[in-house]
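Protein chains get the first letters and strands the later ones, always in sequence-line order, with residue 1 at the start of each.
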2 protein chains.
Amino acid sequence: MNGLSIFSSISAESRARMYDCFGMTRKKFKKGQTVLTYCNSFKSVCVMITGSATLSCIDEDGNNSFLEKIYPNDVFGELFCLPLAKLEYVLCADEDCEVLFIDYNHIITPCSNTCEHHSRLINNLFLISARKLQSLTLRINILTQKNIRKKLLAYLEFRRNLSPDSRDFTLDMSLTDLADYLSVDRASMMREIKALKEEQIIWSEGRKFRFINNDFYI
Amino acid sequence: MNGLSIFSSISAESRARMYDCFGMTRKKFKKGQTVLTYCNSFKSVCVMITGSATLSCIDEDGNNSFLEKIYPNDVFGELFCLPLAKLEYVLCADEDCEVLFIDYNHIITPCSNTCEHHSRLINNLFLISARKLQSLTLRINILTQKNIRKKLLAYLEFRRNLSPDSRDFTLDMSLTDLADYLSVDRASMMREIKALKEEQIIWSEGRKFRFINNDFYI
DNA sequence: CATTTTCTGTGATAATTGCAACAAAAGAGA
DNA sequence: TCTCTTTTGTTGCAATTATCACAGAAAATG
């Protein structure tokens, strides 16, 4: 499920034909550029081809809250997001990236010239959505933990389990970004990391972590 | 998108045939019964037919955190959820309900006897997933608000906008459940509601709410 | 390579939030 | 109808968390 793209099991020749059939367009964005704002009701399903971007929303006071990171083969767009009134949503490119836009109507209505790969593409879209659902459910699961320590440990244990063979693991985001992901103050999170280290529950150095007394390695 | 079910645009006769084709089974559950625990890697896509259920997870200390409510036509199952180790996941029926189980493999692999409605069903599944993504994104959006007041207002304004024609709106859940949804202490939430009323920002009585000084009605 | 920017790390203090406990009201069930 | 349970509403107090402020390390940029 991780190596899945919307074109999985679709040959290169078919892909080319599908571009017309689905009304697809590609567009490149420079680092720092705004890929999309979620206010235009322009309904298209967007797929990240290369690069990455971050969706965040800004409230009246200028507070910025991190919503999600978009990586290659992820889907995004208003179809998957109900924006809250009064908030501004910005999807900003974290690095140079290329995005595929698929016309929403071409997806929901059956292809007139019964394109044989239509159903394969929808199938892929469904599975990519399922993957996205997994990561959102995971984050909700973490965000609903009662305090910073539990949020941290929930995330760290999840990350550790992704690479079960090595004692150490290194986060693929900065501690600043981790605080955003956990939706807590960075300084408070640092304090909690310090406490966990003092209590000999974890060892850490920068983005590198290790669980000390882990019953997992028996 | 709200009236959508996995059988949308599929005739009753076709449905019957699809039961075999997709390896579907139906099962009834009494109120209070456990529909599913998310530890068995039994991969099937589940659809709520009638009734409702709540997915929550319990940690080692017995703390219970609310994950999501499942209503008719919603999809659920481990395909959409990465469980965290050490936590127990229980989907409990809130009322008598009936659930449809669809074999996962029948969904991801193309139907051998090229069933004409296969793609229609996947299409519906994709759209139902998109709807689920909307509601999860919404919740994350709310959970990442900085304090109780902002969480409350974000949710209340979202609810108000669902019925834009009436001044008042009534929550379809108890205030106790709302506190769970916002992942805050109920007493603290009540304190904040009281403050919002004293500051003449909202009026409320039980589950009935109204925004007082709303620039929305000009 | 020099400079700017971002990231990591820390502490004091204030603000927010959770907890425990209680009572009245409302609702469910027998 | 009466009882039992859940919900709403309210406190004081303790615990947690955010805010602010600062400094050195690391990384990015030209």
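- Between A:M190 and B:E192, the residue anchored closer to the 5' end of DNA chain C is A:M190, taking for each the nucleotide with the nearest heavy atom.
- If you take CG of B:N147 and P of C:dT17, they are 5 Å apart, rounded to a whole angstrom.
- Whole-Å rounding puts the B:R191 CZ to D:dC13 C1' distance at 10 Å.
- Between B:L178 atom CG and D:dG9 atom C1' there is a gap of 15 Å when expressed in whole angstrom units.
- As judged by a 4.0 angstrom heavy-atom cut-off over every strand, B:R186 is placed among the base-contacting residues.
- The CG-C1' distance, from B:D96 to C:dA28, rounds to 15 Å in whole Å.
- To the nearest angstrom, C1' of D:dA15 lies 14 Å from NZ of A:K150.
- Taking the six-membered ring where tryptophan is involved, the planes of A:F126 and B:F80 are perpendicular, since the angle between them exceeds 60° and thus also 30°.
- Atoms NZ (A:K31) and P (C:dT6) sit 10 Å apart, rounded to a whole Å.
- Straight-line distance from the NZ atom of B:K151 to the P atom of C:dT16: 14 Å, rounded to whole Å.
- What you find for A:N64 and B:K146 is that their closest heavy atoms are O-NZ, 3.7 Å.
- Residue B:D185 contributes atom CG, which lies 17 Å from atom P of D:dC13 at whole-angstrom precision.
- Each of B:S188 and B:D177 was matched to the nucleotide of DNA chain D holding its nearest heavy atom; the match closer to the 5' end belongs to B:D177.
- Nucleic acid contact class of A:S174 (heavy atoms, under 4.0 Å, all strands): sugar-phosphate only.
- Ring geometry for A:H106 against A:F22 counts as tilted: the plane angle lies between 30° and 60°, on a 0 to 90° scale.
- No contact: A:K197 has no heavy atom under 4.0 Å from any strand.
- Within the structure, a side-chain polar atom (N or O) of B:K194 is placed less than 4.0 Å from OP1 or OP2 of D:dT11.
- Side-chain contact of B:D94 with B:T54: a donor-acceptor pair under 3.5 Å is present, judged by distance alone.
- Look at A:R207 and you'll find a side-chain N or O under 4.0 angstrom from OP1 or OP2 of C:dT8.
- Note on ring orientation: taking the six-membered ring where Trp is involved, the planes of B:Y181 and B:F66 are tilted (angle from 30° to 60°).
- The residue B:I193 sits apart from the nucleic acid: no heavy atom pair falls under 4.0 Å.
- Dashed line: the shortest gap from a side-chain N or O of A:K208 to OP1 or OP2 of C:dT8 is not under 4.0 Å.
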